[in-house]
Amino acid sequence: MATLQAWQRTHWCGDVRKGDVGGEMTFNGWVRRRRDHGGLIFVDLADRTGLCQVVFDPSESAEAHEAAGGLRSEYVVSVSGVLVARSEETINPNLATGEVELRVRRLEVLNPSETPPFSLVEEDAAADELIRLRYRYLDLRTPRMQQNLRLRHRAAQAVRAYLDRQGFWEVETPILFRQTPEGARDYLVPSRVNPGHFYALPQSPQIMKQLLMVAGVERYYQLARCLRDEDLRRDRQPEHTQIDMEMAFVTREDILNVTEGLFRAIWRDTIGYELPDPFPRMTHAEAIDRYGTDKPDLRYGMELTDLSDLAAQCEFRVFTSAVQTGGQVKALVAPGGAQWGRMEMDRMTEELQRETRAKGLAWIAVLAEGPKSPIAKFFSEELMSTLLQRTGAQAGDMVLMVADRPDVVAEALDRLRRKLALRLNLIPEGAFAPLWVLDFPMFARNADEGRWDAEHHPFCMPHPDDIDLIESDPGKVRAQAYDVVVNGDELGSGSIRIHRRDIQQRIFSMLGITPEQAEERFGFLLKAFEYGTPPHGGIAPGFDRIVMWLCGEPNIREVMAFPKTQTAQCLMSGAPSMVDERLLRDLHVRVDLPPQE
RNA sequence: GGGCCCGUAGCUCAGUCGGUUCAGAGUGCCAGCCUGUCAAGCUGGAAGUCGCGGGUUCAAGUCCCGUCGGGCCCGCCA
């Protein structure tokens with residue numbers, strides 16, 4: 001063991017308490033604030049554990065006191081002295097270390113600092129994200145970001161500990177892989193030694209983890225970096241981390257159980273929150289029917305009510321014709337919304353028309369003296385009362401209705417439901433509502449190209465009862481695919497995979513992939529499948545999104561050390577950058593930019 | 001590719017109807033004073049291409065057009 005140098009830390013700033021009083025100790029850290037009283041100087045010294053006040057008193061050390069006058073924000077220092085209890089009236093109750101302070105005998109400036117471009121003090125106003133990203137190494141020094149980094153680390157440890165207990169092996173897969181046709185655009189890497197050939201950075205290790213099942217790994221996991229060249233969002237970065245998992249000889253039930261256990265372990269080990277056991281479940285069809293979305297937020301109610309049969313009996317043409325043409329009329333109830341006036345409702349309608357494909361919004365204010373609505377005249381008293389009864393609306397509530405094709409009704413009421421939950425303050429603080437959404441459709445109609453696309457991915461096993469519908473009624477085929485949803489956010493998606501060549505062949509042909517194309521694109525995978533592939537399946541929870549929820553952060557960038565902006569740039573390093581012509585020549589790559597102006 | 005919001009001192013922001021209360025506040029920074037502060041205090045000081053370019057006007061931080069940068073959303077993300 002190396003000898004401790006005189007300047008090296010013996011204690012952490014944030015850890016010292018009354019019980020440590022009397023001890024000689026050394027702190028290493030950053031000068032956060034300096035309060036210079038002339039004869040006496042106080043410094044808030046911070047390391048990653050927190051903050052402790054250190055006092056420079058000339059009667060303790062004239063030399064240290066003299067030198068402390070030159071300290072500035074974010075100077076890196078080592079201080080040694082005796083930890084003392086503060087007198088009763090000088091205790092700072094807002095500080096974990098507020099009952100003690102270090103009387104400094106020795107100060108060493110390990111490194112001075114430029115004045116930071118923004119304050120790193122917790123209480124100060126946060127700098128703009130533009131400037132935070134440019135100086136990310138300073139931003140990460142703030143208490144907020146240090147907490148996020150620490151919590152992310154805790155979550156990663158919880159994942160590894162839990163999956164290890166469950167018998168999973170952590171296996172790393174290549175970042176340089178073969179380009180395979182998947183959903184998103186690929187990031188490509190040119191090969192120097194293979195002119196004109198490219199690697200693709202994996203959008204996920206999907207194919208590799210299935211090959212690991214063929215390889216007999218049986219239980220695999222990886223905190224896997226996934227790269228997709230698509231436009232960014234609040235919860236989408238060019239590279240993100242998935243808890244990628246795959247299991248052999250399992251049913252859907254096994255995967256759901258392991259995943260629930262994983263989520264419960266993460267929430268418990270990081271923030272001490274107990275997620276329900278088991279998670280509630282609903283089918284995809286049920287989620288769409290009850291909430292208008294495949295990822296409903298179950299922290300609040302406001303379920304949708306189908307009124308199509310009643311609406312068909314009224315005189316309101318918009319309603320009757322919607323139902324006659326195969327559409328729907330559905331409603332949701334806004335508690336306490338009856339007070340909204342006509343102007344307010346016009347505004348809400350206009351907004352809904354702008355943001356969704358809905359053509360209008362019908363409403364009934366349920367007042368104590370009776371229903372009030374522009375469309376009341378189209379309803380008999382009896383029909384109106386049946387309708388209100390079915391929605392469960394109480395006096396003081398507002399019933400909001402949309403009539404249209406089912407997908408438009410779902411889109412509009414889902415949007416309305418989420419907006420109203422925020423506006424009406426229906427979302428309980430600090431609550432987590434997990435949910436399994438099961439039985440996703442196998443295929444989705446691609447209207448633009450007039451063909452069927454895989455909803456999840458082409459290796460996903462159809463529901464055993466629906467296999468005979470693949471060719472005859474593809475829209476009805478359910479997939480053995482499942483999403484884990486928390487608070488209306490899709491946090492993970494997975495499926496049981498196809499391990500039989502014949503079924504795989506039928507899926508490919510439904511997707512318009514010829515055997516020749518399949519051979520060309522996935523030949524190595526299909527060949528592998530012929531050598532004793534066990535039944536298998538998996539899931540891939542999004543690690544960044546999980547940590548974002550645990551930290552209570554509004555976006556994924558706050559829980560990533562070095563995120564990129566919406567234009568996929570790193571403001572700190574300047575990536576992506578132009579590169580030297582010679583490098584491009586080595587790679588056999590020529591840049592062909594569109595002409596400027 | 002499209003829609004919306006933002007850009008003024010190092011930082012956070014104010015700036016009304018376009019007009020010598022329009023170059024401002026707080027904080028930070030620099031200097032001096034100060035032995036119990038913890039957002040220390042007091043005194044003084046420095047600090048601006050009002051993102052950039054163009055236009056309208058007698059006059060533009062303010063209005064218009066374009067552009068750059070940041071954010072939110074749609075498309076996209078199996």
Side-chain angles (χ1 to χ4, degrees), chain A residues 32-45 51-60 65 69 72-74 84 86-95 97-99 101 103 114-135 138-139 180-186 203-204 206-207 226-238 240 351 354-357 411 415 440-444 446 448 452-460 479 481 490 493-495 507 511 513 540 542 554-555 557 563-567 569 571 596-597:
Chain A
R32 201 75 355 130
R33 272 201 182 105
R34 183 180 103 263
R35 292 176 292 280
D36 188 343
H37 289 229
L40 203 58
I41 299 171
F42 302 96
V43 164
D44 291 342
L45 191 68
L51 206 145
C52 186
Q53 171 163 285
V54 301
V55 189
F56 296 89
D57 187 332
S59 72
E60 194 72 41
H65 175 265
R72 295 294 181 270
S73 291
E74 301 308 321
V84 299
R86 298 204 203 179
S87 65
E88 194 64 39
E89 64 280 5
T90 62
I91 286 173
N92 183 349
N94 303 317
L95 217 56
T97 59
E99 290 187 291
E101 63 193 11
R103 289 183 61 82
E114 290 291 313
T115 301
F118 53 87
S119 170
L120 307 188
V121 174
E122 192 165 17
E123 302 79 37
D124 290 354
D128 193 86
E129 200 176 349
L130 176 72
I131 197 89
R132 290 176 55 208
L133 290 176
R134 188 171 297 153
Y135 296 92
L138 289 181
D139 187 38
T180 53
E182 290 180 89
R185 261 184 297 273
D186 286 308
Q203 297 178 25
S204 76
Q206 181 60 40
I207 287 174
C226 303
L227 301 111
R228 297 173 191 179
D229 184 6
E230 294 291 350
D231 287 345
L232 287 79
R233 284 289 187 282
R234 181 172 59 83
D235 56 359
R236 278 171 22 197
Q237 281 274 309
H240 74 283
E351 192 176 283
R354 194 172 55 244
E355 294 175 351
T356 73
R357 293 169 293 169
E411 176 193 345
R415 165 81 61 136
F440 274 66
M442 183 76 205
F443 303 103
N446 184 327
D448 295 340
W452 293 94
D453 286 343
E455 175 81 25
H456 186 58
H457 61 64
F459 309 113
C460 176
E490 183 216 298
S493 191
S495 64
I507 299 294
L511 296 172
I513 301 171
N555 68 65
R557 298 184 299 279
K564 293 184 176 57
T565 67
Q566 205 153 55
T567 49
Q569 294 176 53
L571 295 182
Q596 299 258 321
E597 301 274 316

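All figures in this text were calculated on a predicted structure; none of them were measured in a lab. Chain identifiers are assigned alphabetically (A, B, ...) following the order of the sequence lines, protein sequences preceding nucleic acid strands; residue numbering begins at 1 within each chain.
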S.K.: Between A:Ile41 (CD1) and B:rC33 (C1'), how many Å, whole number?
M.R.: 13 Å
S.K.: Under 4.0 Å, heavy atoms only, any strand: does A:Leu133 hit a base, just the sugar-phosphate, or nothing?
M.R.: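 No contact.
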S.K.: Each nucleotide in nucleotides 35-44 of chain B should get exactly one letter: B, S or -. Can you fill that in based on protein heavy atoms under 4.0 Å?
M.R.: BBBBSB----
S.K.: Sort out the partner of B:rC63 for me: Watson-Crick or G-U wobble, both distances under 3.5 Å, none otherwise.
M.R.: B:rG55
S.K.: Under the side-chain hydrogen bond (donor to acceptor under 3.5 Å, both in side chains) test, which residues partner A:Asp44, sequence neighbours left out?
M.R.: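 Residues passing side-chain hydrogen bond (donor to acceptor under 3.5 Å, both in side chains) with A:Asp44: A:Arg35.
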S.K.: Using atom NE2 of A:His65 as one end and atom P of B:rC34 as the other, report the distance to the nearest whole Å.
M.R.: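 The distance from NE2 of A:His65 to P of B:rC34 comes to 11 Å, rounded to the nearest Å.
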S.K.: Ignoring hydrogens, what is the shortest heavy-atom contact between A:Leu232 and A:Pro238? Give both atom names and the distance.
M.R.: CD2-CD, 3.4 Å
S.K.: List for me each residue that meets salt bridge (charged side-chain N to carboxylate O under 4.0 Å, His left out) alongside A:Asp128, sequence neighbours excluded, and say none if there are none.
M.R.: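 Salt bridge (charged side-chain N to carboxylate O under 4.0 Å, His left out) list for A:Asp128, sorted by chain: empty.
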S.K.: If you go through the side-chain atoms of A:Arg72, does one of them form a donor-acceptor pair with the base of B:rC30 closer than 3.5 Å?
M.R.: no
S.K.: How would you summarise protein contacts on nucleotides 3-11 of chain B per nucleotide, using B for base, S for sugar-phosphate only and - for none, with heavy-atom distances below 4.0 Å?
M.R.: -------SS
S.K.: Tell me what A:Glu455 touches on the nucleic acid: a base, only sugar-phosphate, or nothing, going by heavy atoms under 4.0 Å.
M.R.: sugar-phosphate
S.K.: Tell me every residue that passes side-chain hydrogen bond (donor to acceptor under 3.5 Å, both in side chains) with A:Glu455, counting only those two or more places apart in sequence or in another chain.
M.R.: none
S.K.: Near RNA chain B, under 4.0 Å by heavy atom, which residues of residues 228-235 of chain A?
M.R.: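 Per residue number, the list reads A:Arg228, A:Glu230, A:Asp231, A:Arg233, A:Arg234.
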S.K.: Can you name the salt bridge (charged side-chain N to carboxylate O under 4.0 Å, His left out) partners of A:Asp36, sequence neighbours left out?
M.R.: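 Scan of A:Asp36 (salt bridge (charged side-chain N to carboxylate O under 4.0 Å, His left out), adjacent residues dropped) gives none.
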S.K.: Using distance alone, with no hydrogens and no angle criterion, decide if A:Ser204 and A:Gln206 have a side-chain donor and acceptor under 3.5 Å apart.
M.R.: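 Note: A:Ser204 and A:Gln206 side chains miss the donor-acceptor criterion.
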S.K.: Starting from P on B:rC77, measure out to CZ on A:Arg236 and report it in whole angstrom.
M.R.: 9 Å
S.K.: According to salt bridge (charged side-chain N to carboxylate O under 4.0 Å, His left out), who are the partners of A:Glu122, at least two apart in sequence or on a separate chain?
M.R.: none
S.K.: Taking salt bridge (charged side-chain N to carboxylate O under 4.0 Å, His left out) as the definition, give me every residue that meets it alongside A:Asp124, ordered by chain and number, with sequence neighbours left out.
M.R.: A:Arg33
S.K.: Under the rule for side-chain hydrogen bond (donor to acceptor under 3.5 Å, both in side chains), what residues qualify as partners of A:Ser59, not counting sequence neighbours?
M.R.: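 Listed in chain order: A:Asp57.
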S.K.: Under the side-chain hydrogen bond (donor to acceptor under 3.5 Å, both in side chains) test, which residues partner A:Thr356, sequence neighbours left out?
M.R.: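 Partners of A:Thr356 under the side-chain hydrogen bond (donor to acceptor under 3.5 Å, both in side chains) test: none.
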S.K.: Taking only residues two or more places apart in sequence, or in another chain, which ones meet A:His457 in a ring pair (Phe, Tyr, Trp, His ring centres under 6.0 Å)?
M.R.: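 For A:His457 the ring pair (Phe, Tyr, Trp, His ring centres under 6.0 Å) partners, ignoring immediate neighbours, are A:Phe459.
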S.K.: What is the base-pairing partner of B:rC30, counting Watson-Crick and G-U wobble geometry with both distances under 3.5 Å?
M.R.: B:rG44
